[in-house]
Amino acid sequence: MAAPFVMRPTRRRLLAVIMLLLSGPVAVAGPGQYGSAGFELALPGYVFEFPRDHGAHDAYQTEWWYYTGQVKTANGRSLGFELTFFRVGVTPPSRPAETAWDLRDLALAHFAISDISRREFRYHEKLSRATPFTAAARQGSLEMFNEGWKAATRSDGSLQLKARDGGDAIDFRLVSTKPPAIHGQDGISTKGPGLGNASHYYSLTRLVVDGTITARGTAEKCKGLAWMDHEFGSSPLRDGQGWDWFSLQMDNETELMIYILRRPDGKPGPASAGSLVLADGNVIHLKREDIQITRLGTWTSPRSGGTYPMGWNVRIAPVSLTVNVQEKLKDQELITRASTQVTYWEGAVGGIGTFGGTPVRADGYVEMTGYAK
């Protein structure tokens with residue numbers, strides 16, 4: 001459980017800014033294809049370029065780099081982890097700074113450990129002004145930090161991932177075995193109707209992990225697989241109750257990402273979509289009608305009172321994929337009062353099923369929002 005948080009006046013103002021940005025007016029196209037807040041819209045025709053697009057995109061209002069994965073230690077223990085860096089633009093780059101102390105960006109971060117073997121879950125969070133001394137993300141290449149938490153590109157092209165809080169820590173070297181998987185069509189991942197209600201979104205779907213993980217103060221060598229999402233845009237989600245997001249890494253060297261944007265009645269909205277990444281790295285785009293998810297059970301949080309789906313049958317009819325997905329711990333809920341002010345479930349899962357008639361097993365992560373106030 002996170003430590004009790006006493007909100008200082010400065011942090012209260014920062015949180016007010018976050019809530020204003022997340023609930024503000026929908027961006028509308030204007031001269032130069034910028035939204036009403038002065039940030040660039042995510043529009044069709046965007047051409048990704050790497051390593052440039054691993055870095056920050058200050059022209060867009062909201063951006064995150066999101067790492068999840070599961071590892072096994074040398075002693076056979078199983079653990080999952082999440083490390084996410086958020087950038088929220090407050091002042092667009094086109095607006096001249098009045099003073100050196102103008103607030104340009106907020107930097108937020110979440111770090112969680114799912115200690116599957118011990119049946120324990122802990123999370124930590126940060127909220128900072130973006131400055132060269134507190135938190136920053138470089139443009140043009142992957143290099144960012146929020147206080148002591150860090151993600152960066154090493155000289156050999158691999159990635160470094162580090163975080164420490166209390167008795168929990170990760171220190172990983174990540175090697176991608178596939179090129180970036182671009183989601184959506186024509187350079188955008190659509191999130192709703194209207195021009196610019198979208199994001200630019202890609203993933204590194206198979207990252208080989210080698211390093212050290214620390215849980216409750218005990219450090220152990222470990223190996224495993226991780227997943228990285230990077231998404232940026234300038235339009236908040238407006239309609240519906242929230243989303244259900246799945247990432248699955250299967251033992252036939254394929255990966256599946258799907259997200260369901262739920263309408264007010266709980267049914268999948270038209271922008272729900274996904275991607276199947278084949279063993280050779282090619283990406284098959286999935287539309288809402290390609291995806292069928294049946295909930296198998298529920299779990300009610302004793303802290304937030306939110307009731308979450310727990311256990312899912314996932315069917316992707318066009319490729320004859322069926323997987324029963326099960327949580328590895330029920331309580332993997334984050335109540336982020338000290339940063340994003342969002343209560344959500346983010347947890348390690350496993351799956352078993354068939355792909356084209358051949359048995360497959362999978363590990364992955366599921367994220368669910370909108371089930372708790």
(message) Quick check for you: to the nearest 0.5 Å, what is the distance between Gln326 atom CD and Asn324 atom CG?
(response) 8.0 Å
(message) Please tell me whether Trp245 and Tyr66 form a close aromatic pair, meaning their ring centres lie under 6.0 Å apart.
(response) yes
(request) State yes or no: are the ring centers of Tyr344 and His110 separated by less than 6.0 Å? (result) yes
(request) Identify, with sequence neighbours excluded, every residue that meets side chain to side chain contact (heavy atoms under 4.5 Å, CB included) alongside Ile352. (result) Arg361
(request) State, without any angle test, whether Thr84 and Glu82 hold a side-chain donor-acceptor pair at a distance under 3.5 Å. (result) yes
(message) Taking the side chain as everything from C-beta on, heavy atoms only, tell me whether Pro180 gets closer than 4.5 Å to Phe48.
(response) no
(request) Kindly say whether the aromatic ring centers of Tyr371 and Trp345 come within a distance under 6.0 Å. (result) no
(request) Could you check whether the rings of His230 and His57 sit parallel, tilted or perpendicular, using 30° and 60° as the cut-offs? (result) tilted
(request) In sequence, state the C-alpha distance, the side-chain angles, and the governing distance for Lys178 and Thr205, and then conclude on side chain to side chain donor-acceptor pair (under 3.5 Å). (result) CA-CA 7 Å; Lys178 293 185 178 182; Thr205 61; 4.9 Å; no
(message) Show me the pairs that pass salt bridge (charged side-chain N to carboxylate O under 4.0 Å, His left out) and involve residues 194-213, at least two apart or across chains.
(response) Arg206-Glu253, Arg206-Glu255, Asp210-Lys223
(request) Give the C-alpha distance, both sets of side-chain angles, the deciding distance and a yes or no for salt bridge (Lys or Arg N to Asp or Glu O under 4.0 Å) between Asp156 and Arg154. (result) CA-CA 5 Å; Asp156 62 0; Arg154 297 172 181 261; 5.4 Å; no
(request) Would you tell me whether Ser304 and Glu333 have side-chain atoms, one donor and one acceptor, within less than 3.5 Å of each other? (result) yes
(request) I would like to know whether Asn197 and Ser235 meet side chain to side chain donor-acceptor pair (under 3.5 Å); could you show each step before the answer? (result) CA-CA 5 Å; Asn197 196 357; Ser235 179; 3.3 Å; yes
(message) Counting C-beta onward and ignoring hydrogens, is there a side-chain heavy-atom pair between Leu321 and Met250 closer than 4.5 Å?
(response) yes
(message) Could you go through Arg77 and Asp115, starting from their C-alpha distance and side-chain angles, then the distance that decides it, and tell me whether this counts as salt bridge (Lys or Arg N to Asp or Glu O under 4.0 Å)?
(response) CA-CA 8 Å; Arg77 293 180 55 231; Asp115 194 334; 2.7 Å; yes
(request) Return the orientation label for the Tyr259 and Tyr201 ring planes: parallel under 30°, perpendicular over 60°, tilted otherwise. (result) tilted
(message) Can you confirm whether the side chains of Tyr365 and Asp229 place a donor and an acceptor under 3.5 Å from each other?
(response) no
(request) Flag the pair Phe81 / Phe172 as yes when their ring centroid distance falls below 6.0 Å, and as no otherwise. (result) yes
(request) Carefully, step by step, assess Arg122 and Asp165 under the rule salt bridge (Lys or Arg N to Asp or Glu O under 4.0 Å). (result) CA-CA 10 Å; Arg122 291 177 298 280; Asp165 203 310; over 6 Å; no
(message) Is the distance from the ring center of Tyr202 to that of His54 below 6.0 Å?
(response) yes
(message) Would you say that Gln70 contacts Ile116 through its side chain, given a criterion of any heavy-atom pair below 4.5 Å between the two side chains?
(response) yes
(message) If I take atom OG1 from residue Thr254 and atom CG from residue Asp251, how far apart are they, to the nearest 0.5 angstrom?
(response) 8.5 Å
(request) Tell me yes or no: between the side chains of Ser189 and His183, is some donor less than 3.5 Å from an acceptor? (result) no
